[in-house]
Protein chains: 2
Amino acid sequence: MKTETKRGRPRKFDEDETLDRIMLLFWKNGYSATSLDQIAETTGLNRPSLYAAFGSKKAMYLKIIERFADRMHTYLRQAGMETEGAAPRLKAIMAAAIELYTGQTELNGAPYGCLAISTLQSEAVEDADFRQALDRVITRMDKGIASLIRHETRDSLTENEVREAAQHLALILHGLSIRARAGENPEALKILAESAVDKILPGTSHG
Amino acid sequence: MKTETKRGRPRKFDEDETLDRIMLLFWKNGYSATSLDQIAETTGLNRPSLYAAFGSKKAMYLKIIERFADRMHTYLRQAGMETEGAAPRLKAIMAAAIELYTGQTELNGAPYGCLAISTLQSEAVEDADFRQALDRVITRMDKGIASLIRHETRDSLTENEVREAAQHLALILHGLSIRARAGENPEALKILAESAVDKILPGTSHG
DNA sequence: CTATTTTTGTGCGATATGGTACAAAAAAGA
DNA sequence: TCTTTTTTGTACCATATCGCACAAAAATAG
């Protein structure tokens, strides 16, 4: 624990809180439409301080994406642990994701969808770093869901079935993020998510 | 047919070809990251001409989105008519969409995903016109797929089953667009799409 | 108290931005 | 030919953009 041993003038701001504010800006406007002036205003910092702390606008954004992905991971994992069985856990995870997408969590009170899905795409062609960040987020979601399915359905599914079901559910989830940002009804999205799990997870009763 | 009856100086450019070039720019860079200078350069027109012909940057973009949705509609409809039966038609449509998303059509030779899904989202929160445009594109896709399913499975499905399956497939399709723009393998996406149809369409054999 | 280190804040610089005024150009009408 | 209409192209405007010098400020170390 290294505390209070730094030499120079102390920082006037809390780094985590500042990153949260910047995240909300990027989440609302996207990357290109967010300016350093806006960031400076909502954080109360001036540009040189921002630049010194986080580097360029791009570095700031990519750091925030990574941070978001981490938080999302733990948030969804936690949501999945409140029930048992593959299908119920998957449904709980998807319901939790939809709640976040539609602005019903403390992380974001507005229906902005998934930060990565909503804002990374438009920049993904011109800049390879953005494209890779997007692909990492997707792959991470695939693997996370696959790991849950694999764990909950020991030996009853082949590895291919597990991975395929996980990708199908991730595809659905990303589609739901888009609809959340398009302003669609949260409850309707939850119903879609539930029935999607029933259809996609092998061995579940098909209505 | 009113031709060659206009009074003033003739236009130096073909409107359709020009819109195509602008579309590709927006498709690549997104809305905010595309400048009028870039548009002027790739079209060979200067800004006043562009402005006179299409209005503001925003009007230009929204017109191009609408035009894209129309083309996509006819393109997918045509792809679906080359087979018979609900599942084969849906698979053909999804395969065609993936080919377009991954840059294997003459409309776009690069893997940019769906123009609307890729570029509309980031602007959808700040500007209600963009959000509505996004929602229209989504709803149109829902209805198009539902209409096909309804037509191909007369009486064997309830209206609710039809609409739900259509929305599930649209969700998958939008997820696939994201993955295409993220650079994922087109053949892998096609396999995912095929198996998704098998799982989602009621009454199809479940692997 | 002095030197050192780090952050802050003012201010700037070079360029890019969306949009437009205005005159020249190119067609048709009379 | 002379007017009218429409498009073109130059030049411009006000502002916004990202990024950075540079000195003052605020802490610690000796």
Side-chain angles (χ1 to χ4, degrees), chain A residues 1-19 21-23 25-26 28-65 119 122-123 126-127 129-130, chain B residues 1-19 21-23 25-26 28-65 119-120 122-123 126-130:
Chain A
M1 290 202 201
K2 38 156 189 171
T3 347
E4 306 302 311
T5 326
K6 40 187 180 184
R7 207 68 145 57
R9 177 173 177 170
R11 276 194 176 164
K12 240 187 66 181
F13 65 96
D14 177 61
E15 183 160 327
D16 240 48
E17 190 186 329
T18 299
L19 283 173
R21 289 180 197 273
I22 304 175
M23 176 178 70
L25 255 187
F26 279 132
K28 184 166 78 174
N29 305 321
Y31 175 76
S32 288
T34 300
S35 71
L36 286 186
D37 275 342
Q38 285 176 285
I39 295 173
E41 197 197 343
T42 43
T43 58
L45 302 177
N46 39 39
R47 281 201 291 265
S49 291
L50 285 167
Y51 208 79
F54 308 113
S56 67
K57 180 185 173 187
K58 175 177 165 180
M60 238 164 66
Y61 175 74
L62 289 177
K63 178 178 195 147
I64 285 172
I65 288 284
T119 68
S122 51
E123 326 291 329
E126 268 293 81
D127 191 314
D129 295 330
F130 287 72
Chain B
M1 291 205 200
K2 38 157 190 169
T3 348
E4 307 302 311
T5 325
K6 42 187 177 182
R7 205 72 145 55
R9 179 173 177 170
R11 275 192 176 165
K12 241 187 66 181
F13 65 97
D14 177 62
E15 183 160 328
D16 239 49
E17 190 185 331
T18 299
L19 283 172
R21 289 180 197 273
I22 304 175
M23 175 178 70
L25 256 187
F26 279 131
K28 184 166 78 174
N29 304 322
Y31 175 75
S32 288
T34 300
S35 71
L36 285 186
D37 275 342
Q38 286 176 285
I39 294 173
E41 196 197 342
T42 43
T43 58
L45 303 177
N46 40 39
R47 280 201 292 256
S49 292
L50 285 166
Y51 209 80
F54 308 112
S56 68
K57 181 186 174 187
K58 175 178 167 181
M60 237 164 66
Y61 175 75
L62 288 177
K63 176 179 196 145
I64 285 171
I65 289 284
T119 69
L120 216 33
S122 50
E123 326 291 330
E126 268 293 82
D127 191 313
D129 295 330
F130 287 73

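In this text, all values refer to a predicted model and were calculated from it rather than measured experimentally.
Partners of B/Lys58 by side-chain hydrogen bond (donor to acceptor under 3.5 Å, both in side chains), not counting sequence neighbours, listed by chain and number: B/Asp127, B/Asp129. Judged as a side-chain hydrogen bond (donor to acceptor under 3.5 Å, both in side chains), and not counting sequence neighbours, the contacts of A/Tyr61 are A/Thr119. Residues satisfying the side-chain hydrogen bond (donor to acceptor under 3.5 Å, both in side chains) criterion with B/Ser49, sequence neighbours excluded, are B/Asn46.
Side chains of A/Glu17 and A/Thr43 form no contact here, defined as non-hydrogen atoms less than 4.5 Å apart.
Heavy atoms of A/Ser32 sit nowhere under 4.0 angstrom from any nucleic acid atom.
Between A/Lys63 and A/Glu15 there is a salt bridge, with a side-chain nitrogen of the basic residue lying less than 4.0 Å from a carboxylate oxygen of the acidic one.
Within the structure, every side-chain polar atom (N or O) of A/Tyr51 is placed at least 4.0 Å from both OP1 and OP2 of D/dC18. In terms of phosphate contacts, B/Ser49 brings no side-chain nitrogen or oxygen within less than 4.0 Å of OP1 or OP2 of D/dT7. Residue A/Lys12 places at least one side-chain N or O under 4.0 Å from the OP1 or OP2 atom of C/dG9. Residue A/Ser35 places at least one side-chain N or O closer than 4.0 Å to OP1 or OP2 of D/dT17.
Nearest heavy-atom pair, A/Arg21 versus A/Thr42, reported as atom, atom and distance to 0.1 Å: CD-O, 3.2 Å.
Residue A/Ile39 holds its CD1 atom at 10.0 Å from CZ of A/Phe54, rounded to the nearest 0.5 Å. Taking CG of A/Leu25 as the start and CG of A/Leu36 as the end, the distance is 10.5 Å to the nearest 0.5 Å. Atoms CD and OG1, on B/Glu126 and A/Thr34 in that order, are 8.5 Å from each other to the nearest 0.5 Å.
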Let's go through B/Ile65 and B/Phe130 carefully: what are the C-alpha distance in whole Å and the side-chain angles of both, what is the deciding distance for side chain to side chain contact (heavy atoms under 4.5 Å, CB included) to 0.1 Å, and is it a yes or a no? CA-CA 10 Å; B/Ile65 289 284; B/Phe130 287 73; over 6 Å; no
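Listed by residue number, the members of residues 54-64 of chain A with any heavy atom below 4.0 angstrom from DNA chain D are A/Ser56, A/Lys57. Contact check of residues 36-45 of chain B against DNA chain C (heavy atom, cut-off under 4.0 Å) returns B/Leu36, B/Asp37.
Spacing between atom CZ of B/Arg11 and atom C1' of D/dT8 amounts to 12 Å, rounded to whole angstrom units. Rounded to a whole Å, the CG atom of A/Leu50 is 14 Å from the P atom of D/dT17.
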Output one letter per nucleotide in nucleotides 21-27 of chain D: B when a protein non-hydrogen atom lies under 4.0 Å from the base, S when only the sugar-phosphate is that close, - when neither is. B---BBB
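A cation-pi arrangement, defined by a distance under 6.0 Å to the six-membered ring centre and an angle within 45 degrees of its axis, is present between A/Lys57 and A/Tyr31.
A residue-by-residue look at A/Arg47 and B/Arg47 shows that A/Arg47 has its nearest nucleotide of DNA chain C further toward the 5' end.
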